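What you are looking at is a predicted structure, and each value in this text was computed from that prediction instead of being measured.
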Amino acid sequence: MEPPRDEADLSRRLGRLAGHRLSTIAATHGFEVPVDLRRSKGWVGTLLERALGATAASRAEPDFPQLGIELKTIPVDPRGRPLQSCFVSSLDLGAVDRRWETSPVRKKLARVAWVAVEASPHIPLGERRLGAALLWSPSPREHETLRCDYEDIVELIGEGFKVTAHRGTWLQLRPKGRNAAALRWSIDEEGAPARTAPRAFYLRRSFTAALLEENFTLRT
DNA sequence: CCGTGATCATAT
DNA sequence: ATATGATCACGG
């Protein structure tokens with residue numbers, strides 16, 4: 001499948017997928033539907049990438065580099081509220097770049113195609129449906145808060161301090177690795193090399209919850 | 001081996 | 001019920 005030619009093209013493709021079951025989309029693209037997601041955690045995201053013509057490369061760039069658009073599936077309950085936080089991008093603990101402007105976080109969040117997916121555990125995976133997509137960019141206020149979160153966290157890391165997921169209004173930093181044994185080199189408070197679990201930025205569930213509410217809730 | 005796609009599992 | 005920290009499959 002060719003990558004979408006422009007944003008309108010991507011939007012059209014998303015519109016065609018909205019309301020369809022995952023089993024239908026999977027069949028179209030030769031994906032086998034797993035029994036559950038325990039051992040296939042990224043299956044829904046990978047399926048959507050394929051269905052939309054994204055390049056399945058693991059890169060710190062948006063999924064559609066030429067469009068500058070990141071694709072994110074967002075698992076929702078029957079009321080349309082997110083069930084999970086959302087991975088944004090990894091942080092290189094060995095060479096911390098503190099500049100927001102050039103950060104993968106800013107690049108990825110500059111424009112996002114959010115796609116809600118039914119995710120209540122009682123719905124068999126193949127029967128879960130896609131919702132309408134939301135093509136979104138952060139408002140000036142959102143952008144500012146994201147930037148502050150990022151700079152705060154990255155500065156602390158750069159100074160060698162430990163940062164837990166408690167920090168940050170909307171962005172947080174959490175472990176992300178193969179398992180607890182997977183370690184990376186980092187720099188400690190004394191400036192000495194240290195071993196640390198790999199970390200990545202996530203968007204809090206409260207953030208995506210507000211996002212969906214603002215954009216999909218009927219207001220008077 | 002590592003980063004991206006994420007969700008799982010447990011403590012609170 | 002929710003958040004944090006842990007974990008799994010895959011592509012490159």
Side-chain angles (χ1 to χ4, degrees), chain A residues 1 3 22 25-26 29-65 69-97 103-105 107-109 112-126 128 130 133 149 153 157 162-186 195-210 213:
Chain A
M1 160 112 27
L22 297 182
I25 300 166
H29 298 278
F31 275 54
E32 199 166 319
V33 182
V35 177
D36 60 48
L37 294 176
R38 266 182 305 183
R39 294 192 167 273
S40 310
K41 297 182 179 181
W43 184 82
V44 177
T46 306
L47 173 63
L48 259 286
E49 284 184 341
R50 181 75 66 86
L52 292 166
T55 45
S58 296
R59 313 208 296 126
E61 294 281 316
D63 295 300
F64 302 101
I69 298 176
E70 174 74 7
L71 175 68
K72 289 288 178 211
T73 62
I74 173 168
V76 295
D77 71 11
R79 300 173 60 175
R81 293 182 306 197
L83 288 165
Q84 304 283 346
S85 54
C86 174
F87 167 78
V88 179
S89 82
S90 296
L91 176 65
D92 186 342
L93 293 166
V96 179
D97 183 353
S103 69
V105 175
K107 280 183 191 142
K108 286 192 172 190
L109 297 184
V112 182
W114 299 100
V115 184
V117 184
E118 287 182 325
S120 299
H122 69 269
I123 311 176
L125 183 56
R128 299 181 188 179
L130 292 189
D149 284 346
I153 290 168
I157 293 291
K162 300 192 187 312
V163 174
T164 69
H166 297 284
R167 198 148 191 123
T169 306
W170 290 334
L171 274 179
Q172 60 180 176
L173 192 68
R174 303 226 303 269
K176 176 168 173 71
R178 181 64 183 81
N179 54 43
L183 298 173
R184 301 286 180 279
W185 287 107
S186 61
R195 299 290 271 166
T196 317
R199 310 267 158 165
F201 288 99
Y202 290 77
L203 283 173
R204 294 186 182 281
R205 178 161 60 159
S206 54
F207 179 77
T208 44
E213 192 165 347

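Remark: A/S90 is in phosphate contact with B/dT4, judged by side-chain N or O atoms under 4.0 Å from OP1 or OP2. Not one side-chain nitrogen or oxygen of A/Q172 sits closer than 4.0 Å to the OP1 or OP2 atom of C/dA3. A sub-4.0 Å separation between OP1 or OP2 of C/dT7 and a side-chain N or O of A/R178 is absent. Phosphate proximity of B/dG3 to A/K108: absent, as no side-chain N or O sits under 4.0 Å from OP1 or OP2. Between B/dA6 and A/R38, no contact under 4.0 Å exists linking OP1 or OP2 to a side-chain N or O. Phosphate proximity of B/dA6 to A/T73: present, with a side-chain N or O under 4.0 Å from OP1 or OP2.
Put simply, the side chain of A/L22 reaches to within 4.5 Å of the side chain of A/V117, judged on heavy atoms. A/E61 is listed as a side-chain neighbour of A/K107, based on a closest heavy-atom distance under 4.5 Å. Inter-residue side-chain proximity for A/K108 and A/S89 is flagged as met; some heavy-atom pair is nearer than 4.5 Å.
Computed from coordinates, the A/D36 CG to B/dC8 P distance equals 7 Å when rounded to whole Å. A/L203 has its CG atom 12 Å from the P atom of B/dA6, to the nearest Å. Whole-Å rounding puts the A/F87 CZ to C/dC8 C1' distance at 14 Å. In this structure, the CG atom of A/L173 is 14 Å from the P atom of B/dG3, given to the nearest Å. One can place CH2 of A/W170 at 16 Å from P of C/dT4, the figure rounded to the nearest angstrom.
When distances are taken from the side chain of A/P75 to each of C/dC8, B/dT7, B/dG5, the shortest belongs to B/dT7. Counting only heavy atoms from C-beta on, A/A180 has its side chain closest to C/dT7 among B/dC2, C/dT4, C/dT7. When distances are taken from the side chain of A/R39 to each of B/dA6, C/dC8, C/dT4, the shortest belongs to C/dC8. You'll find that the side chain of A/N179 is closest to C/dT7, out of C/dA6, B/dG5, C/dT7. Considering only the side chain of A/R205, C/dA3 comes nearest among B/dC8, C/dA6, C/dA3. Closest to the side chain of A/E49, from the set B/dG5, C/dT4, C/dA3, is B/dG5.
Between A/Y202 and A/F87, the two ring planes are perpendicular [angle over 60°; tilted spans 30° to 60°].
Taking NE2 of A/H122 as the reference point, atom CZ of A/R128 lies at 9.0 Å (rounded to 0.5 Å).
Side chain A/K176 to base C/dT7: no donor-acceptor pair is found below 3.5 Å. Judged by atom type and distance alone, A/Y202 reaches the base of B/dA6 through a side-chain donor-acceptor pair under 3.5 Å. Contact of A/K72 with B/dG5 (side chain to base): no donor-acceptor pair of N or O atoms is detected under 3.5 Å.
The residue A/G42 sits close to a base: some heavy atom pair falls under 4.0 Å. Looking at heavy-atom distances under 4.0 Å, A/R174 makes contact with a base. Among the protein residues, A/E61 comes within range of no part of the nucleic acid, since none of its heavy atoms lies under 4.0 Å from any strand. As judged by a 4.0 angstrom heavy-atom cut-off over every strand, A/A60 is placed among residues touching the sugar-phosphate backbone only.
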Walk me through whether A/L109 and A/V88 qualify under side chain to side chain contact (heavy atoms under 4.5 Å, CB included). CA-CA 8 Å; A/L109 297 184; A/V88 179; 4.1 Å; yes
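Annotation: the terminal axes of the helix from B/dC1-C/dG12 to B/dT12-C/dA1 meet at 10°, where each axis is the rotation carrying the C1' atoms of four end pairs onto the next four (5 pairs per end, rounded to 10°).
Contacts of A/F201 classified as ring pair (Phe, Tyr, Trp, His ring centres under 6.0 Å), with partners at least two apart in sequence or in another chain: A/Y150.
Remark: A/D36 engages A/R38 in a salt bridge, criterion side-chain N to carboxylate O under 4.0 Å.
In terms of position along DNA chain B, the nucleotide closest to A/P198 lies nearer the 5' end than the nucleotide closest to the other residue of the pair A/P198 and A/I74.
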Tabulate below the donor-acceptor pairs under 3.5 Å that side-chain atoms of residues 39-46 of chain A make, not counting sequence neighbours, or state none.
{"from": "A/W43", "atom 1": "NE1", "to": "A/E32", "atom 2": "O", "distance (Å)": "3.2"}
{"from": "A/T46", "atom 1": "OG1", "to": "A/G42", "atom 2": "O", "distance (Å)": "2.9"}

